[in-house]
Amino acid sequence: MKKPAWLAHLARCSGTSAAPRTRVYADKRLLATQIIASILGRKGRAALTASGIAVGVVVFIMTYGWTLAGGAIINATFDETVATLISVKARENTEASLGADFTQHVEDLDGVVAAGRWANSSQLACSGHPGQQVTLPSVIADAGYFTAAGAQLASGRFYDATTPTSGPVAVLGPGAASQLGISEVSGGSVVVCQGVTIPVYGVLADAGEAIALGPTIVLSSGLDGTSLDENVPGQEVTGAVRTDLGATQVVAKVLPLHIDPAHAGDIAVTIPPSPEQLRADVTGSLNTLAIGVSVLSLVVGGIGIMTTMLTSVMERTREIGLRRALGARPHHIASQFVIEGVVYGLVGATSGLAVGLVGLLIMVSVKGWTPVMEPVVALGVLPAGCVVGGLAALIPGIRAARIPPATALRAN
C-alpha cells in the first residue's frame, strides 16, 4: 500500500538529516505536506467541513446585502414622504397679510413648486338633487391651492385663472360629493347652496395633504362674492407652499420677506415635522437584524467545523499516535488541526462569498431593486472565515494533542 505523502517525506528527512526528530517534524514544509495530504485524502469530509462556513457566509452576504438594498428603498420612500408642504399665516392683530400677489411672489422663489391660499367659510345647506339637502362645511380657496396641497381629481377639473368670475364655482371633496350623490361631473353639474346655484367643476379623489378638504365644498369665492383678496373680518387666510424635495427649510426662511417685506416678522411659517427619527429607527432595526442573523450564521458554521473535526480526531487517532511516536510534540499536532481549520474557513468563506453575491443579485433583480454591498464588508468575510475556522478547530486540536501516543497506537 502506498505510504501517505507526509509519512514518505518524514522518512526521507529522517534518513538524510542528523537533526532531532522533533525538529524534523517541525519543518514547515513537512507540516504543509501533512495538512495538504490530510485535506486531499478526505475530500468528502473536507468539503462537508468547509460547507459549514460557506453556508454561514452565504446567509451573511445575502442577509446583509438584502438589508442594504431594502434600506436604500426605505430611505427613498422616506425622502418621497418628507415634509414639503409649508403653511403660512399672518399673525393676529398685525398689519401683515397674504395679499392678492401672494402666489406670484412665492412661486418666483427657487425651490417652490406651487402656492395657494385658503380660508374656512361658513356651513352651507346644499343639495345636488331636488329634495336632497345636506349641511356641508365650506372652504374658499384660490386655484393654486389644489396643486400646492397635492389634491387629485376623480372627475372634472380644477377651476383656474380662466374661470369666469361672475359668481362662485365649486370643487367637491370626496366626502361632500358622496353626501350630495355626485360621483362624476359634466358641463351642467351644479349644486344649490343657500339658494345660490353653483357650477361644479370637479370632484376630488384624494385631498392630498389638505385633509380638511375631504368633507368640504371648495369655492372660488364666497356666496356673497367675497374673495381671499379682500380683508374680510374674521376670515383667517392660510397660505400653502409646496417645495422641491430638500428645499423646504431654505424656502421657509425667506418666505416672510417675499410675502410681506414690510411686516416679515408678523408672518408665521409652519413646517410639519420631518420623519428623520423614524427613518433612523427603522434603519437601525434593519441593521441590527442583519448583524444578528449574520453573526448567528457564522457561529453555526463554526460549530459545524468543530463537530466535524472532533469526529476527525477520533478517526485519526492511530495517525496521531504514529506522529507522536515519530517525534511530534503536542503543539505540533494542535497546530496542524488549527491550520486545517483555517484552510477550511478560507475555502468555505471564498465559495460562500461567490455564491452569496450571485444569490443577492438574483434576489434584488427579482424585486427590481438596485444591488448594494459594501466592498469592505464583502472582503472582510474572508479573514472572518479564517478566524472562525481556526477557533472552531482549536478544541479538536487540543483534544488531539492530549491523546497519549501509546493509547493512540493501540486504538482500532
Heavy-atom side-chain contact between Val237 and Phe102 under 4.5 Å: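 Result no, sub-4.5 Å side-chain heavy-atom pair not found.
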Close side-chain approach of Val88 and Leu98, heavy atoms under 4.5 Å: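 When only atoms from C-beta onward are counted, Leu98 and Val88 do touch, with a gap below 4.5 Å.
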Mark yes or no for whether [X], through its side chain, and [Y], through its backbone, hold a donor-acceptor pair below 3.5 Å.
X: Ser178; Y: Gly175; answer: no
X: Thr307; Y: Ile303; answer: yes
X: His332; Y: Arg329; answer: yes
X: Tyr344; Y: Ala393; answer: no
X: Ser138; Y: Ser122; answer: yes
X: Gln194; Y: Cys126; answer: no

Test side chain to side chain contact (heavy atoms under 4.5 Å, CB included) on His263 and Thr94; report intermediate values, then the result. CA-CA 8 Å; His263 307 93; Thr94 65; over 6 Å; no
Rounded distance [0.5 Å steps], SG in Cys386 versus CD1 in Ile53: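 Output value for this atom pair is 9.5 Å.
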Val169, Val185, Asp160 screened by side chain to side chain contact (heavy atoms under 4.5 Å, CB included) with Tyr201, the one that passes: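 Answer after filtering Val169, Val185, Asp160: Val169.
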Run Thr350 and Leu346 through side chain to side chain contact (heavy atoms under 4.5 Å, CB included) and show every step you take. CA-CA 6 Å; Thr350 303; Leu346 178 60; 4.0 Å; yes
Identify the heavy atoms of Tyr145 and Arg117 that sit nearest to each other, and give their distance.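 Reported closest heavy-atom pair: CB-O, 3.7 Å.
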Steps toward side chain to side chain contact (heavy atoms under 4.5 Å, CB included) verdict (Phe337, Arg399): CA-CA 10 Å; Phe337 276 87; Arg399 181 173 178 178; over 6 Å; no
Determine whether more than 12 heavy atoms belonging to other residues, nucleotides or ligands lie under 6.0 Å from atom CG of Asp110.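 Atom CG in Asp110 is not crowded, with 12 or fewer foreign heavy atoms closer than 6.0 Å.
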Check this for me: does any side-chain nitrogen of one of Asp266 and Arg91 sit under 4.0 Å from a carboxylate oxygen of the other?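 Between Arg91 and Asp266 there is no salt bridge, as every charged N stays at least 4.0 Å from the carboxylate O atoms.
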So, Thr84 and Thr243: side-chain donor and acceptor under 3.5 Å apart, yes or no?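 Not at all, the side chains of Thr84 and Thr243 share no donor-acceptor pair under 3.5 Å.
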